[in-house]
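Please read the structure below before turning to the comments.
So you know, we letter chains A, B, ... as the sequences are listed, proteins then strands, and number each from 1.
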Amino acid sequence: MSTHLASQLKSELFSRYSLVPSEQWLSDFLSGSRNPSHPLPSLTSTAHFRLLSTDFTTALSRRQGQLFPSTISDVHTKELVLQTDIPVQVLDIQDTSTSKWAQIEAIERVERGEEIRGREVIRNVPGVNDDDNGNGGEQARDSSSRPSAASSSNVPSDSKKGSTGPHKLLLQDAAGSKAWAFEMSRVERITIVNSNPPMPGAAAAQVPAEGIQIGCKLVLKKGTKVRRGLIMMTPASTTIMGGRVEIWDKKWRDGRKARLKQELERENAN
Amino acid sequence: MQHNVRGSQYVKNYEFTYNFPAWGNCEVTMTSVLGHLTGLDFDQRYKNWRSCPPSQLFDASTTVTIDQDKKAIAENIAQQARWSKVLFIWTDCDREGEHIGSEVRAQALKGNSRIEVKRARFSNTERNHVIQAARSPIDLDDRQANAVAARIELDLRIGAAFTRFQTLSLQPLSPKLENQILSYGSCQFPTLGFVVDRYYRVRNFKPETFWLIKVTHKRDNIKVNFNWKRVHLFDRATVTILFEQCLDSKLAKVTQVQKKPKSKWRPLPLTTVELQMQGSRFLRMNSHEVMAVAEKLYQKGFISYPRTETDQFPRDFDLQALIRKQVQHQDWGQYAQGLMDGGFRQPRSGRNNDQAHPPIHPVNFVGPGALDASEKRVYEFVTRRFLGCCSEDAKGEATDVEIEWGPEMFHAHGLVVLQRNYLDVYVYDKWESSQQLPQFMLGETFEPTEANMTDGKTTAPSYLTEPELIGLMDANGIGTDATMAEHILKIKDRHYVQTRPKAGSGRNQVQEFIPTVLGVALIEGYDNVGLDVSVSKPFLRKEMELKMKAICEGRKSRREVVEESLEQYREVFVKTQRELDTLKRSVTKYVVNEGREQH
């Protein structure tokens, strides 16, 4: 195995993707590579692609400059700015704009097969409820700021298209440290999609879920602000590389409804 | 000249002469029927509930019979046909009416196999309209008649099979069910399904706290409320952090100031579904009552045919003549005059046209003294709606100010209603001016007078009211405008649901629907049977309705539709039979043990 190739690959991965793989991963990759004499650009792409489905805590180097600063989650630090690009993976994603109850209902609708074309059940009919203070031809939703007025029959956005957030993500760096991030302004690909269960009788092939999946890889760019321990994500400060870790994602998806229910119980018990 | 019909108390034969363009000067005998002349039932040997396994009813032979109480009327028609050259049918111009027309034709042909059969097309009983119809006879639409025949057969087979099966199997489970027929209807069940579904959503609801940032600013002695663009979030820590960022950045900057004309659109022409929905909201009558009264008003010649899906008036419709008739009314006469004096505007067109009838509208003037209380309310609604349609939209001006404070955006909205227009006659819509906004300049900065972080709690949805239920049935494609009220009535009659006044609905006394334990037991039971196309969900019935439409449009034959639908329901039936224990468990849980699961 050529160390020259290894160091070239390392340098390419860093300059193009801000990724620094661990020595172990790099050597595994190059020795497993079917044709090591592939041109460098395509080798780099392949390496990048593979990295997207790894666990960053083992596949990436733990070099300084690739990790979260130690005070990143510190609530007492009013503001800190990331000094380098930091590659991270997503361990959890939450929709802060929608109540858990509404999210649970959305999951149940999919479970009941109501998101399948032709099987939709419409549950909300506009124009029938008492507080119709329409402002204009169509009934625009009047965003009242009276504290007790919010109705929970706000249906979260169409499950097929996914939630629009803003979302909170739990991110993990190559050393295993975790920190929460908030989607300050809309980042297109960040969305939770409740996928349809496979049609009865259909082939067992799983329908791939869209949106962000657990294990998804992203890069927080140099200059990203962190306020009181919460990373502020914007489209400009975040690069979503994609990918996922299938077993983590499945576990997360399977347990999501139960988790939401548990949190709801806990909140109501207080 | 009027003659009695032997054997019938209500039906009479009226004789007169008339000159038809098609047939010249004729002696006419006019008679009537009382709804369907014939009924479909199983052959005698299947009539007894225990005579055969219910599943056989999907294929069992049927016969068309004339109901005992209709025999005299049928005989009358056959007799009259014997002495006549032409049969001119004037039943209501909808699917059911077309089918009844075909029944009348069948009877007439018995008396005279060579009689010519024609049909009149009319949408109201106003004199000129009727005369027009008399002048242009058309043919009976056999497709529509077939669609109804298909429906009748499907309702009979599916209804009977499931009703017998579930009654016989489940009744013995509890003395509470003694003498109670557990009826099944392919439309009833999804309707009940909506009620149960909402019931559970309300019961399972748990409130959640959310947080938001409120900004107010005082200027020119006006307190302006700015609403957060994010509305509210369910994460307290995040909102706290965002709020801190706002506070850090002392000054807010005005990023947008817009003054725009705003209008509130006049209503669309009136359809049956709208009449039922709005009727039950505003007129303190349930949908069934509203339709019954509308029917009476139609027959008396005051409004047009009340069963229509059309929400657009044809271009050449003489709206002015209809408005002119209302000028003498004590309540809205002046408004009508205003329309005639230049306030008139062509009504908006919706997207629906059933090609059979125009939107519901007043056809003649009638003074309030000539109507009883409920007739008055319905006629008033129809007329105010019609006049509202022909009016200008309400006009106003909206001011929107957007500010940026720290990383967050807020906006304030002010509305001034400048011209009420249609709102003056269609009193069922509300549009009020909100506070005037003071002047803000684009780009200016200011320190908000007051800002805080507050919280609120989500509130539960409420139980279904009748207008909502109608809206759901319509949106999910079950029931036609003619039948929705009936299905709602049915589930009440069968004790599957109860109604009670909605808390806090005060004077209006809106009723809400609560399922009974029996209703819940049946829906949950069928849902647990795990049917991919559960009978409590709308899609099966929606598909059947679409197939009916296909027959009317000539895309499918009656036989095809009957076979396909029976196939679908037969599968469901077989699965239900296999999983009978699941149904029994559900009934036991709710009806016998009042909701407690037996372990």
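Most heavy-atom pairs under 4.5 Å with chain A, from the set B:Arg230, B:Arg266, B:Glu543: that is B:Arg230. Annotation: maximal heavy-atom pairing with chain A below 4.5 Å, among B:Thr209, B:Asp248, B:Asp429, B:Asp393, occurs at B:Asp248. Taking B:Ala475, B:Pro407, B:Ala237, B:Gly477 one by one and counting their heavy-atom pairs under 4.5 Å with chain A, the maximum is reached by B:Ala475.
A salt bridge is defined here as a Lys NZ or Arg NE, NH1 or NH2 lying under 4.0 Å from an Asp or Glu carboxylate O, and A:Glu267 with B:Lys206 fails to meet this definition.
Remark: B:Asn476 CG to A:Arg123 CZ distance equals 8.5 Å, nearest 0.5 Å. Between atom CG of residue B:Asp235 and atom CG of residue A:Asp95 there is a gap of 11.0 Å, rounded to the nearest 0.5 Å. Distance check: A:Phe182 CZ to B:Leu242 CG gives 5.0 Å after rounding to the nearest 0.5 Å. From B:Thr238, atom OG1 reaches atom CD of A:Gln94 across 9.0 Å, with rounding to the nearest 0.5 Å. A:Thr96 OG1 to B:Leu233 CG: the interatomic distance, rounded to the nearest 0.5 Å, is 4.5 Å.
A:Arg186 CZ: more than 12 foreign heavy atoms inside a 6.0 Å radius.
Residues B:Phe194 and A:Val121 approach most closely at CE2-CG1, 3.9 Å, considering heavy atoms. Nearest heavy atom pair, residue A:Asn268 against residue B:Pro207, reads ND2-O, 3.1 Å.
Remark: B:Lys395 engages B:Glu392 in a side chain to side chain donor-acceptor pair (under 3.5 Å) (not counting sequence neighbours).
Side-chain N or O atoms of B:Glu208 include one that pairs as donor or acceptor with a backbone N or O of A:Lys100 at under 3.5 Å.
The one candidate from B:Phe205, B:Phe210, B:Phe234 that meets the side-chain contact (heavy atoms from CB on, under 4.5 Å) condition with A:Ser99 is B:Phe234.
At a 4.5 Å heavy-atom cutoff, the contact between A:Lys78 and chain B is made by side-chain atoms alone. Heavy atoms of A:Met232 lying under 4.5 Å from chain B belong exclusively to its side chain. Only the side chain of B:Asp197 comes within contact range of chain A, with heavy atoms under 4.5 Å apart.
Side-chain atoms of B:Gln245 and A:Arg228, non-hydrogen and from C-beta on, never get closer than 4.5 Å to each other.
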**Q.** Criterion side chain to side chain contact (heavy atoms under 4.5 Å, CB included) on A:Met184 and B:Glu408, from CA distance to verdict
**A.** CA-CA 9 Å; A:Met184 276 298 276; B:Glu408 299 300 301; 3.8 Å; yes
